[in-house]
Amino acid sequence: MKKSCLWTGIRMIAVGLICLAGAVIWDTPLSSLLCGFFGALVCPGAMMVYKYFKWTRLETRDSYRRHLEEEQIELRDERKEMLRNKSGRYAYILGLLVTAVSILAFSILGKLGLTEEGASRLITLYLAAFLVIQYLAGAVFYKLLEKKY
């Protein structure tokens, strides 16, 4: 495993701890956001450090080499590459449709005068849901295509 993975993990942990320190020291409206950044950076960073030490032990070097070979075969498999491309295309088309519907929905809400009070909360929740839908759609389309082909 590359040494850069270790250093990236350590940097992520450090930035996460800085975010947590900022949230604790300063009482601002962004404190909850900084706590979220803490969790979002420390957890993957710790996993990267753990994986680095796990795969660089002497006992696991051969299994890591086999793991990398299998991963390279999986990445270069033409059938799976075609399925990834199709699932990405379907997820993109779904995203376009959802975006078009959202433009219509927000314009209707604006005309009815409902977007003044809770507009930022509504839009934030909507965009978060949009992100989740895009990701899940890609995964579901890939699984369906994999079963079909």
Side-chain angles (χ1 to χ4, degrees), residues 1-107 109 118-149:
M1 183 156 232
K2 294 181 182 177
K3 200 100 160 153
S4 64
C5 290
L6 173 67
W7 291 113
T8 301
I10 291 172
R11 278 188 229 117
M12 288 175 74
I13 291 171
V15 172
L17 292 174
I18 290 170
C19 288
L20 179 65
V24 170
I25 293 171
W26 297 291
D27 187 28
T28 67
L30 298 177
S31 293
S32 61
L33 186 63
L34 290 173
C35 288
F37 284 145
F38 163 73
L41 291 169
V42 168
C43 291
M47 285 303 298
M48 289 176 79
V49 170
Y50 167 75
K51 283 183 179 181
Y52 175 81
F53 285 115
K54 176 186 173 191
W55 289 113
T56 55
R57 288 194 330 230
L58 290 175
E59 307 90 46
T60 59
R61 286 190 184 187
D62 290 333
S63 62
Y64 179 65
R65 194 172 301 117
R66 284 192 307 271
H67 173 72
L68 280 181
E69 288 172 5
E70 290 173 10
E71 187 177 271
Q72 289 301 316
I73 290 170
E74 289 291 319
L75 287 175
R76 292 192 175 110
D77 184 18
E78 292 175 6
R79 178 182 158 273
K80 290 192 178 207
E81 186 176 335
M82 185 257 319
L83 296 176
R84 282 192 298 267
N85 289 340
K86 275 192 170 190
S87 66
R89 181 177 175 350
Y90 293 158
Y92 175 72
I93 290 170
L94 177 67
L96 287 178
L97 291 173
V98 169
T99 304
V101 169
S102 68
I103 291 169
L104 180 63
F106 285 125
S107 65
L109 290 173
S120 65
R121 180 174 169 85
L122 178 69
I123 291 172
T124 302
L125 290 174
Y126 178 80
L127 291 176
F130 175 74
L131 181 68
V132 170
I133 288 171
Q134 281 288 92
Y135 178 78
L136 291 177
V140 167
F141 287 142
Y142 179 79
K143 292 291 183 188
L144 291 174
L145 289 170
E146 189 174 34
K147 286 181 184 177
K148 183 178 177 183
Y149 296 104

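All residue numbers in this chain count up from 1 along the given sequence.
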* Structure fact -> Applying side chain to side chain donor-acceptor pair (under 3.5 Å) to Gln72 and not counting sequence neighbours gives Arg76

Anything under 3.5 Å between a donor and an acceptor, one on a side chain of residues 28-40, the other on a protein residue two or more places apart or in another chain? List them.
| from | atom 1 | to | atom 2 | distance (Å) |
| --- | --- | --- | --- | --- |
| Thr28 | OG1 | Leu30 | N | 3.2 |
| Ser31 | OG | Trp26 | O | 3.2 |
| Ser31 | OG | Thr28 | N | 3.3 |
| Ser31 | OG | Thr28 | O | 3.0 |

* Structure fact -> Closest heavy-atom pair, Met12 versus Pro44, reported as atoms and distance to 0.1 Å, is CE-CB, 3.7 Å

* With sequence neighbours left out, write down each residue that passes side chain to side chain contact (heavy atoms under 4.5 Å, CB included) with Val140, or none if nothing qualifies. => Leu144

* Structure fact -> Smallest heavy-atom separation, Gly138 atom then Ser87 atom, equals O-CB, 3.5 Å

* ring pair (Phe, Tyr, Trp, His ring centres under 6.0 Å) partners for Phe141, two or more places apart -> Tyr90

* To do: Check Ala137 against Leu94 and note the closest heavy-atom contact, atom names and distance.
  => CB-CD2, 3.4 Å

* Asked: Below 4.5 Å, heavy atoms only, C-beta onward: do Leu6 and Val49 meet side chain to side chain?
  -> yes

* To do: With sequence neighbours excluded, tell me which residues meet side chain to side chain contact (heavy atoms under 4.5 Å, CB included) with Leu83.
  => Arg79, Tyr142, Leu145, Glu146, Tyr149

* Asked: What is the minimum heavy-atom distance between Lys3 and Tyr52, and which atoms define it?
  -> CD-OH, 3.4 Å

* Can you find a heavy atom in the side chain of Cys5 that is under 4.5 Å from one in the side chain of Lys51? -> no

* Structure fact -> Sequence neighbours excluded, the answer for side chain to side chain donor-acceptor pair (under 3.5 Å) partners of Lys80 is Glu74

